[in-house]
Each structure stands twice: as C-alpha cells, then as structure tokens.
Amino acid sequence: MQIRTVSSTESVDETRLAEVLANPGFGKYFTDHMLRIEWTPDAGWHDARIEPYGPLSLDPATAVLHYAQETFEGMKAYRHEDGSIWSFRPEENAARMVRSNHRLALPALDVPDFVQAVDALVTVDQRWVPDPAGEKSLYIRPFMFASEAFLGVRPAQHVTFMVIASPAGAYFKGGIKPVTLWLTEEYTRAGRGGMGAAKTGGNYASSLIAQQEATSQGCDQVVFLDGQEGKYIEELGGMNMYFVYDDGHIVTPDSDTILEGITRASIIELAGKLGHQVEERKITIDEWRDGVASGRIAEIFACGTAAVVTPVGALKWAGGEIPAAHVSGEVTMEIRNALVDVQYGRSEDMFGWMHRIV
Ligand SMILES: *Cc1c(COP(=O)(O)O)cnc(C)c1O
C-alpha cells in the first residue's frame with residue numbers, strides 16, 4: 001500500500017512536547033499527524049495518506065452520526081531502553097478489526113495494510129513515544145466509520161479508516177490500587193446475536209448509563225452479566241476478567257458476547273507458561289460471591305490494553321456488597337509484571353509478540 005505524507009507545518013515544539021510527555025494523562029493530547037484511508041465499493045481502499053492532525057469536516061448527514069456504523073481498536077507503542085519502538089501483537093488488533101467490521105457490515109482492511117498504517121503513523125510521530133520510565137506509552141487508536149452522507153439505512157458506500165495516537169501515562173498514578181466494581185442487574189452490554197464480540201462505539205454508548213450508576217454508587221467500574229440468564233459474568237465496560245483460585249488455577253469467563261481482549265488471550269498463554277492452569281469457562285455471580293466468602297477465590301483482576309492488569313477490589317450491587325478477594329494479589333502482580341516486562345523489552349519475548357516499528 002502506498003501512503004503519502006503531508007507533513008505538519010505546526011508541529012508541537014520540543015519544549016511543549018517535553019511538558020506533555022512528562023504528564024500525558026490519557027487521551028488528552030494528540031500527535032502531530034493522523035492517517036487516513038478511504039474506501040468505496042468501486043475503488044476499494046485508496047488514497048492512503050498521513051496528514052497534519054486536525055478536525056474533520058463532516059456533512060451533517062454523515063451516516064456514522066446517525067446509525068453508528070463504526071469500529072475501533074486500541075493498542076500501544078512502547079519505547080524500549082535502547083530507544084527502539086515496538087507494538088504488541090498488532091496483527092491481532094488487525095484481525096479483530098476485520099471481525100468487528102464483518103459484524104458492522106464495514107469493509108475489511110487487510111491485516112498487513114492495517115499494520116503498515118499503524119507503523120507509518122508511529123514512525124512519522126516517533127518523537128511522541130514517551131520514555132519507558134513509569135510505564136508510559138503511545139496509545140494508538142485505529143478506527144473506521146461510515147463516512148457517506150446519506151440518511152437511508154444500508155451499509156455505507158463511503159467508508160473512512162483513520163489512525164490517531166496519543167501519549168499515555170501510567171494508568172495508575174502513585175501505585176497500583178484495586179478497582180471497585182458495581183454489578184449492574186438492570187443493564188446488559190450484549191445479547192445473543194448482538195454486537196458484544198465487536199469493538200464498536202455502540203457497545204460503549206450502551207455501557208455509559210451503567211457506568212454512571214457505578215460512579216454514583218462510589219464504584220470505579222461496572223461489571224456486566226450475560227443478557228440471556230443474567231447470572232454469568234461477562235466483563236467490565238472495556239476490560240476482561242480473571243479469577244485466581246486458592247490452588248493457583250485461573251479462570252476467565254467464556255462467552256460469545258464478550259469482547260475477547262488481546263490482553264486476555266495473552267494472559268492465557270503467559271499464565272500457562274508461569275505454571276498456572278488456565279480455564280476458559282462460564283462462571284456465575286454466585287460462584288464469585290461464594291468463592292470470596294469461602295476463600296476459594298484468592299484474587300480477582302481485570303485486564304485490557306489501557307490498564308494492562310488491574311486488581312479488582314470490592315463488589316457492590318443493589319442491596320449488597322462483598323469485600324476484595326485478594327489476600328496479597330501475588331498472582332495478579334506476577335502476571336502483570338511478566339506481561340509488562342515483555343512489552344517494554346525487559347524480558348525475553350518468548351512468544352514472538354513484539355513487533356518492531358522503529
Ligand atoms: C477493547 C476491549 C477490551 C480489552 O481488549 P484488549 O485487546 O485487551 O485491549 C475488553 N472489553 C471490551 C468491551 C473492549 O472494548
């Protein structure tokens with residue numbers, strides 16, 4: 001794929017960049033450029049270019065604004081100690097986007113083109129990839145949307161793929177602390193045959209009211225149950241879950257309606273290598289409650305690209321509450337450190353997960 005580059009004439013100066021990278025937060029600052037590729041049924045994917053970062057001009061009838069035909073990805077570029085820049089399993093993000101696009105009736109962007117697009121933007125904006133100290137990284141957001149201006153209901157005939165990037169600080173400032181969870185029994189995030197397994201904005205839109213409820217209950221995040229029976233653990237709004245049992249084995253919920261995280265999949269392999277038996281199976285909310293009460297469940301954690309691995313603390317629901325399971329969080333931290341060490345190049349990349357960009 002040919003990608004042309006129109007360089008920004010208003011790139012952020014070094015002093016300002018240093019200020020931003022010292023304290024980037026999350027999703028607040030964007031790099032100097034963005035990547036864009038257009039699609040039409042006749043021309044296929046075409047006109048790939050990197051251009052100065054800036055606002056889009058959209059017709060008010062642009063289909064995505066009305067019918068939410070949209071998918072996205074979330075990944076990171078990590079700077080290693082020697083200055084090189086790497087991404088983590090980018091082909092997995094690319095392949096997942098193909099699956100999400102299929103569900104949203106969007107065209108597939110080939111895996112190598114996706115990876116090339118991400119690499120190209122990160123290369124152009126490489127000075128925005130922070131130093132590894134304090135677990136900083138460059139968060140990368142590829143996304144695709146129905147850009148045709150048309151109010152009829154059908155898959156769009158003009159689609160735009162974009163990549164933007166934003167420096168990210170450590171998810172946990174001042175140390176890792178458990179997230180408290182609100183169990184919503186009113187809302188679900190996905191139903192049978194729905195979009196639960198696709199990474200699409202609509203799933204996030206539907207999770208916001210439950211997240212609002214969580215916040216008003218003093219909790220950090222919301223946990224969803226399955227839409228059919230309302231008893232199996234699914235996931236958080238944007239993170240998958242793991243339960244560590246007192247004998248060291250680990251369970252992660254199995255479901256057709258969760259978004260299967262690349263972090264989740266990587267932990268299945270990594271934890272196995274670390275000597276833990278890993279099971280993907282259904283787990284009920286009662287097993288959670290009883291397991292914490294009896295001590296059978298020793299630790300609980302959630303995982304995703306942004307936070308990597310975060311310990312789960314207390315669980316609250318309408319009319320009840322259970323405390324955190326973790327005694328020490330030992331296994332959680334063992335897995336977290338093992339993963340982060342691979343991502344930052346501090347330990348051997350046993351699985352060939354890292355992809356060099358610069
Ligand atoms: C992106 C996402 C995750 C985590 O996936 P990773 O690939 O590990 O970042 C989990 N749940 C939902 C709903 C998501 O959108």
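Computation of the quantities below employed the complete heavy-atom set of this structure, encompassing side-chain atoms and omitting hydrogens, waters and symmetry-equivalent molecules. Indexing begins at 1, ligand by ligand and atom by atom, following the structure's order. FYI, the numbering just counts along the sequence from 1.
- Salt bridge status for Glu287 with Lys282: absent, with no side-chain N to carboxylate O gap under 4.0 Å.
- With a 4.5 Å cut-off on side-chain heavy atoms, Pro52 and Glu10 do not count as touching.
- Taking Ile, Leu, Val, Met, Phe, Trp and Tyr as hydrophobic and joining them when side-chain heavy atoms fall under 4.5 Å apart, one finds Leu259 isolated, its cluster having no other members.
- Taking 4.0 Å as the cut-off between side-chain N and carboxylate O, Arg89 and Glu269 count as a salt-bridged pair.
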Table please: side-chain donor-acceptor pairs of residues 306-325 below 3.5 Å, with sequence neighbours left out.
from   : atom 1 : to     : atom 2 : distance (Å)
Lys316 : NZ     : Gln217 : O      : 2.7

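- Through direct or relayed side-chain contacts under 4.5 Å between Ile, Leu, Val, Met, Phe, Trp and Tyr, Val153 connects to Tyr67, Leu151.
- Ligand 1 is surrounded by Arg96, Arg189, Lys199, Tyr204, Glu235, Gly237, Gly238, Met239, Asn240, Leu259, Gly261, Ile262, Thr263, Gly304, Thr305, each with at least one heavy atom closer than 4.0 Å.
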